[in-house]
Amino acid sequence: MKKRILSCLLAASMTVAWLPSAAMAAETEAGTEAGTESMTEAETEQEPEFDVADYLTINDDKYKGIEVTVTKKAEVSDKDVEDEIKQEASDAGLSTQVKKGTVKDGDTVNIDYVGKKDGKAFDGGTASGADLTIGSHTFIDGFESGLIGKKVGDTVDLDLTFPENYASKDLAGQKVVFTVTINYIEGEPDVNDDLADKLSGGEYKDIDDFKKSVREKLEQDNETNYNREVYSAIFQQLLKLYPVDKYPQEFIDYYVNTSMNQLQQQAEDESETLDDMLKSVYNTDADSMKAYFKTYAEQLLQQRIILGVIAQKENITLSDDDFQSAVEGYAQQYGISVDDFLSYYSEKDIRESELENRVMEFLASKAKITETDETEIETEEVETEAGQTEAETSSAEADTES
């Protein structure tokens, strides 16, 4: 059921950051974890159909030649490839254990620890063989910094104080002592043929071939991130050019009701009332959640209507071959079968997503794209904000004088 709720949230967020493929990836992973779940009657309900042309008319072609500024597509360096391989090795538990030396900021250490309050161990304060990255701020202040400079094999006592707003009332603001033993520092493995063989499951026996495949993956990720930024910037301009001021109410009602029914089912699965679950998990109430879903339903409709009307004007369509190719591509990308992928998404959802992608590709091909360094964009944003603040101040002074 969590997978179904995630679907609603991700679909809605696409209007803000343009994440069609990323949303699919996240939901597919969530669906895989969730396994087979029963569908409520609301979830099998058909989404209302509507004609986008009934809600927006575009009489110009200003959507061609939209000007946007985005960061340059990141280049993949040899270091990026090495770092990615080392990270994969760490995730796979293939790192070495360094049992000499001292702990530095940024090191990942394996530790045993016992936390005591007034000389007695408290619940949740004891662990063996725990991995901790120094500087990650995973533990309370003083814990990680207290290990810097200590040697592997050392056992140290850390006199610490839990923050006043700590979740556990028994520990909030309390003084405690953590006795910590440093077992080893996680070391980087040798990047060689043997590591390539292990990380690739035998697909690559040569480290150079494996590095090439990793580089291609990172380059594809950079391409995806770049396109996502371009599409998002273009769509923000489309919102200004073609504001949508009316929506199909039956779609909004469907979206809100289906989403709330999914939350209701989640609450029942966890033997809670809907009100209790909304308060404990989302820190909200039913009325606020309905308003939230309504807002995002409208944002989703903005995307669908604007891009749908442009598709009609430009005769952009999706053939059956295009659809099949897209499904096969997604299935391969997420490491599942085509049938499994189609079990997560309806053909209608996939076709809509792919059609919108094609419209965005068309718009990007016609756009005037200026590429700049990220630092330059940040500087421009700061200067703009400063200019706005100065203008507001001047205006306020003028009002006062008058």
Side-chain angles (χ1 to χ4, degrees), residues 2-24 26-27 40 42-60 62-63 66 68 228-266 274 278 281-313 316 345-346 348-360 363:
K2 293 177 181 177
K3 173 240 179 185
R4 302 295 300 174
I5 295 169
L6 181 62
S7 172
C8 292
L9 299 180
L10 287 171
S13 72
M14 283 161 39
T15 56
V16 178
W18 199 264
L19 302 173
S21 58
M24 282 189 172
E27 190 184 349
T40 66
E43 289 171 329
T44 59
E45 216 175 283
Q46 291 297 311
E47 181 181 296
E49 298 282 350
F50 63 93
D51 186 351
V52 294
D54 292 339
Y55 298 90
L56 178 67
T57 300
I58 298 179
N59 293 318
D60 57 53
K62 292 180 180 179
Y63 52 82
I66 287 177
V68 296
R228 188 177 301 162
E229 184 178 355
V230 170
Y231 292 175
S232 180
I234 290 173
F235 190 72
Q236 294 308 309
Q237 295 300 316
L238 291 175
L239 287 172
K240 296 176 184 178
L241 287 171
Y242 311 113
V244 180
D245 54 17
K246 60 178 180 177
Y247 305 96
Q249 186 60 45
E250 63 274 15
F251 180 93
I252 294 176
D253 292 342
Y254 163 84
Y255 188 94
V256 173
N257 293 336
T258 299
S259 301
M260 291 303 295
N261 284 334
Q262 290 163 5
L263 287 172
Q264 177 65 52
Q265 185 62 51
Q266 181 183 342
L274 177 60
L278 290 177
V281 177
Y282 301 100
N283 192 30
T284 189
D285 56 32
D287 288 340
S288 297
M289 188 61 84
K290 288 178 181 178
Y292 171 87
F293 285 132
K294 177 179 181 292
T295 297
Y296 278 105
E298 290 176 350
Q299 291 183 350
L300 179 60
L301 285 167
Q302 286 177 334
Q303 176 174 302
R304 187 173 297 181
I305 290 170
I306 294 173
L307 298 184
V309 171
I310 294 175
Q312 290 178 358
K313 282 177 63 67
I316 300 173
Y345 307 97
S346 70
K348 180 176 180 293
D349 289 339
I350 299 170
R351 284 186 177 275
E352 284 179 350
S353 178
E354 282 306 297
L355 181 61
E356 290 177 1
N357 276 332
R358 284 176 176 268
V359 175
M360 292 308 302
L363 295 173

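Just so you know, these numbers come straight off a predicted model, no measurement behind them.
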Could you pull out the closest heavy-atom pair between [X] and [Y], with the gap in Å?
X    : Y    : answer
Y247 : Q302 : OH-NE2, 3.4 Å
Y254 : Q46  : CE1-O, 3.8 Å
I316 : R358 : CG2-CB, 3.9 Å
I306 : V244 : CG1-CG2, 3.8 Å
G308 : V52  : C-CG2, 3.7 Å
L307 : M360 : CD2-SD, 3.8 Å

So, do [X] and [Y] sit near enough that their side-chain heavy atoms are less than 4.5 Å apart?
X    : Y    : answer
I305 : F50  : yes
D285 : L278 : no
D51  : Q312 : yes
R304 : F251 : yes
K240 : Q237 : yes
K294 : E298 : yes
V68  : F235 : no
L238 : I310 : yes

If you round to the nearest 0.5 Å, how far is [atom2] of [Y] from [atom1] of [X]?
X    : Y    : atom1 : atom2 : answer
S259 : K290 : OG    : NZ    : 12.0 Å
Q266 : Q264 : CD    : CD    : 10.5 Å
K62  : L241 : NZ    : CG    : 7.0 Å
Q265 : M260 : CD    : CE    : 13.5 Å

Validation row, ring centre Y292 to ring centre Y296 under 6.0 Å:
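Yes: the rings meet the under 6.0 Å criterion.
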
Checking T295 now: which residues fulfil side-chain contact (heavy atoms from CB on, under 4.5 Å) with it, not counting sequence neighbours?
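T295 satisfies side-chain contact (heavy atoms from CB on, under 4.5 Å) with Q299 once adjacent residues are dropped.
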
If the condition is side-chain contact (heavy atoms from CB on, under 4.5 Å), which residues does Q249 pass it with, not counting sequence neighbours?
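By the side-chain contact (heavy atoms from CB on, under 4.5 Å) rule, Q249 matches I252, D253.
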
Is it the case that the side chain of [X] and the backbone of [Y] share a donor-acceptor pair, with hydrogens and angles ignored and the cut-off at 3.5 Å?
X    : Y    : value
K246 : D54  : yes
Y242 : Y63  : yes
S353 : D349 : no

Around [X], counting heavy atoms of other residues, nucleotides and ligands shown, do more than 12 lie under 6.0 Å from its [atom1]?
X    : atom1 : answer
D60  : CG    : yes
K313 : NZ    : yes
K348 : NZ    : yes

For residues N261 and T258, is any side-chain donor paired with an opposing acceptor at under 3.5 Å?
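On atom types as modelled, these side chains do not qualify, holding no pair under 3.5 Å.
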
